[in-house]
Number of protein chains: 2
Amino acid sequence: MSLPHAILTALLEKPSSGLELTRRFDRSIGYFWTATHQQIYRELGKLEQAGLIRVLPAEAPTRGQRKEYEVLSAGREELTAWVARVEEPRAGRDPLPLRVRAAAVVGSAGLAPELRRHLELHRQRLAEYRDIERRDFPPGRDAEPDRLRHVVLKGGIRLEHFWIEWLSEVLDELPGDAPA
Amino acid sequence: MSLPHAILTALLEKPSSGLELTRRFDRSIGYFWTATHQQIYRELGKLEQAGLIRVLPAEAPTRGQRKEYEVLSAGREELTAWVARVEEPRAGRDPLPLRVRAAAVVGSAGLAPELRRHLELHRQRLAEYRDIERRDFPPGRDAEPDRLRHVVLKGGIRLEHFWIEWLSEVLDELPGDAPA
DNA sequence: TCACCTTGTGCACTTTGTTGCATAATCTCG
DNA sequence: CGAGATTATGCAACAAAGTGCACAAGGTGA
């Protein structure tokens, strides 16, 4: 399981409340992982129980019943161990190629518009990632942590490329498809 | 959910028993989806209950208590509808980039061997896919179903490429990494 | 002041996915 | 024939992920 480790990483980068974490999952962490706020709160509870993180006492009372968490040393150790752990790569699980395969059997009626919609979404995400890259990784920053974070982002960019190219290829194979 | 649709597709290509399906999921369908035999049996039960598939009466008794399933017209209709359905792309969920990100925070000790191991696995899978391509898609076959199945396989190949390139890139960024 | 909005936290339930084990029939070899 | 391997199906229990809704506190404006 990776969600707890994703949370530990995010909290080490900056102690945060549940909702802040949720927002950060929509951005940087989210290139390769997503989570809803409910998942995150539940996981924060478990991590606290397990003694890997703790609540920072609030200084000024804020909105709602806001709780900031920080990582304890046991949490840092767990994350350090996870980095080197032997784990099998988990098979990708994307329904879209499956749908193309189904279309090979029952016909591709109605598939093209859905593919074009996905193509557009991936183009948008690619553009966002490029913006982030320009903003956060200007040339010259080359301490190791920065280089590693950058290479993760480049992975996100590469992956969007993959989808864009593959979707274009599929659209070329579909009958009666006028280019968008 | 996509597992039932994956099963319907596989059964339309060829009526099969649970275990046969499991094996086919390890091969062709498996470029983008995996399932254990337990998941498949459970799902076959649900699909039968729902009237989308039925058991073919066995002619000669075979090993164990083998049951072959075939798709009913309701199943074919469901699959046809699914092909055109509007669904959001589900975010990729791979822990490996997350681990690289964690390494940016707690240090990359022990990460390189694990990355090399994954690199090797992806190279192997790429080689397998290329074999399948040579065997099943010789030049000249260009009826639509074949072209669509081929483009799905090409997606699998492209995806393995992605991993190989990205992993190589990460390894280049790690300190003290002698090329394998 | 009080109805309503926003921010923030969280429970309950459901669906999916995984692990481990149980069972049955058939085959295989001494 | 009968002990053990192989093929095949399936249940039970659990873990992980996703959906829907409730609740609490403070801010905002009629």
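We name chains A, B, ... by the order of the sequence lines, and we start the count at 1 in each one. These numbers were taken from a predicted model, which means no experiment stands behind them.
- Checking the phosphate oxygens (OP1, OP2) of dG18(D), a side-chain nitrogen or oxygen of R93(B) falls inside 4.0 Å.
- Evaluation of atom-type donor-acceptor distances gives no pair under 3.5 Å for the side chain of H37(A) against the base of dG8(C).
- Between W163(B) and D94(B), the closest side-chain pair of non-hydrogen atoms falls below 4.5 Å.
- Side chain of E120(A) to main chain of R117(A): no donor-acceptor pair is present (N/O by atom type, distance under 3.5 Å, no hydrogens or angles).
- Look at K46(A) and you won't find any side-chain N or O under 4.0 angstrom from OP1 or OP2 of dA15(D).
- Spacing between atom CZ of R42(A) and atom C1' of dA17(D) amounts to 7 Å, rounded to whole angstrom units.
- Residue R23(A) places at least one side-chain N or O under 4.0 Å from the OP1 or OP2 atom of dG8(C).
- Here the side chain of L19(B) is nearest to one of dC13(C), dG10(C), dT7(D), namely dT7(D).
- Each of dG10(D), dT9(C), dA17(D) was ranked by its minimum atom distance to the side chain of W33(A); first place goes to dA17(D).
- Checked by atom type and distance alone, the side chain of R54(A) never pairs as donor or acceptor with a backbone atom of E70(A) at under 3.5 Å.
- Whole-Å rounding puts the Q39(B) CD to dA8(D) P distance at 20 Å.
- Under 4.0 angstrom from either OP1 or OP2 of dT9(C) there lies at least one side-chain N or O belonging to Y41(A).
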